[in-house]
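Working notes, beginning with the structure itself.
Small disclaimer: the values here were computed from a predicted structure and weren't measured. Sequence lines set the chain letters: A, B, ... in the order given, protein chains first and strands last, and positions in each chain run from 1.
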Protein chains: 2
Amino acid sequence: MKLAQMKTVEDAAPGVAHGCMDDELGFHLRRSQVAAFKHFGQTVTAAEGITPGLYGMLQVIANNSGLTQSALAEAMDVDRSSIVKVVNQLEDKRLIVRDASPTDRRSYCLRLTSFGRNELARIEQAVTAQDREFSKALSEAERHTLIGLLKRLYK
Amino acid sequence: MKLAQMKTVEDAAPGVAHGCMDDELGFHLRRSQVAAFKHFGQTVTAAEGITPGLYGMLQVIANNSGLTQSALAEAMDVDRSSIVKVVNQLEDKRLIVRDASPTDRRSYCLRLTSFGRNELARIEQAVTAQDREFSKALSEAERHTLIGLLKRLYK
DNA sequence: TATTGTTATACTCTATAACTATA
DNA sequence: TATAGTTATAGAGTATAACAATA
């Protein structure tokens with residue numbers, strides 16, 4: 001096979017020009033976010049069977065134990081109705097439980113099971129390793145600089 | 001209305017803890033990218049009727065005139081079949097044309113119409129303004145630092 | 001009256017597989 | 001045989017509207 005015909009993940013579409021998008025932050029945010037999701041899928045999801053979305057939900061529940069589905073929806077900036085399926089999935093995986101609220105019979109208090117806590121501890125290690133691997137082109141100082149700049153985009 | 005009950009885009013879900021995700025680059029990439037899409041939608045899409053995805057496609061076609069749908073698919077890192085509807089939409093909006101390829105009767109060469117060029121010139125101004133507005137918390141030097149760091153995440 | 005969780009429904013984006021017409 | 005474009009179909013992920021139970 002000729003060198004010019006070789007196609008790998010790294011050099012796919014090598015010659016495409018992006019014009020003024022090269023100076024647009026939104027364009028690079030989008031590309032790097034897609035790359036991050038893809039990397040997460042190939043590592044964490046492949047090994048642990050959990051998607052970025054489910055992982056984020058699990059962390060918010062873990063760090064805000066007892067919050068309601070409505071509170072989770074607000075925190076994740078999605079509609080209440082969109083939360084139901086996700087909570088079902090986490091419950092099906094025995095990672096969380098819907099506890100009856102002691103003060104409001106309409107709502108549930110979401111909490112990790114002890115199994116869920118163990119699982120999350122293991123998954124966290126995989127995610128941390130994935131995150132460092134994904135950003136291995138940056139020094140630790142640059143990684144923190146990047147995170148600091150990103151945080152300032154959404155206050 | 002009491003101050004404690006006020007809900008705005010800026011202070012939604014003020015009290016939610018994110019645990020170790022606060023040090024995960026992927027988490028902040030996701031949040032800032034979602035914020036960027038939302039801002040784009042409220043400004044550019046609202047005024048010009050074009051989504052971030054369609055805008056990106058249009059720019060790639062504009063900057064690589066004559067490329068085929070397969071080449072566009074590879075550049076956008078999506079399947080050939082997913083390109084069809086998008087190209088139809090851009091054609092329906094009279095922004096591009098499918099020209100017959102002079103060398104391969106199976107494929108089309110995608111090109112902007114003169115109307116498309118005019119439209120893109122106008123849309124570009126809206127996108128540039130949107131991008132600067134979205135990143136107004138950063139100085140121009142910081143914005144470029146951020147773009148430079150992001151680029152290093154995907155080659 | 002308003003809110004919580006739920007369901008039904010729909011819309012967008014994307015992928016896979018199979019088809020056609022070319023190469 | 002292989003490739004370019006297309007279609008049918010399916011799966012995430014999301015939203016809106018309406019409902020029952022409860023506040």
Using whole Å, report how far [atom1] of [X] lies from [atom2] of [N].
| X | N | atom1 | atom2 | answer |
| --- | --- | --- | --- | --- |
| Ile96(A) | dG5(C) | CD1 | C1' | 14 Å |
| Leu90(A) | dG13(D) | CG | P | 11 Å |
| Ile83(A) | dT16(D) | CD1 | P | 14 Å |
| Gln33(B) | dG13(D) | CD | C1' | 14 Å |
| Asn88(B) | dG5(D) | CG | C1' | 11 Å |

Exercise. Relative to the ring of Phe27(A), is the ring of His18(A) parallel (under 30°), tilted (30 to 60°) or perpendicular (over 60°)?
Worked result: tilted
For this session: Assign a letter to each nucleotide of nucleotides 13-23 of chain C from its 5' end: B, base within under 4.0 Å of a protein heavy atom; S, sugar-phosphate only; -, no contact.
Result: -SBBB---BBS
Problem set entry | Distance test, side-chain N/O of Ser70(A) to OP1/OP2 of dG5(C), below 4.0 Å | yes
For this session: Taking only the side-chain nitrogens and oxygens of Arg98(A), find out if one of them lies under 4.0 Å from OP1 or OP2 of dT6(C).
Result: yes
Exercise. Taking everything shown except Arg94(A) itself, do over 12 heavy atoms lie less than 6.0 Å from its CZ?
Worked result: no
For this session: Classify the nucleic acid contact of Thr68(B) as base, sugar-phosphate or nothing, counting any heavy atom under 4.0 Å across all strands shown.
Result: sugar-phosphate
Exercise. With Glu119(A), which of Leu58(A), Leu112(A), Leu95(A), Thr113(A) fulfils side chain to side chain contact (heavy atoms under 4.5 Å, CB included)?
Worked result: Leu95(A)
If you measure from the Lys or Arg side-chain nitrogens to the Asp or Glu carboxylate oxygens, is any gap between [X] and [Y] under 4.0 Å?
| X | Y | answer |
| --- | --- | --- |
| Arg80(A) | Glu74(A) | no |
| Asp77(B) | Arg31(A) | no |
| Lys85(A) | Asp92(A) | no |

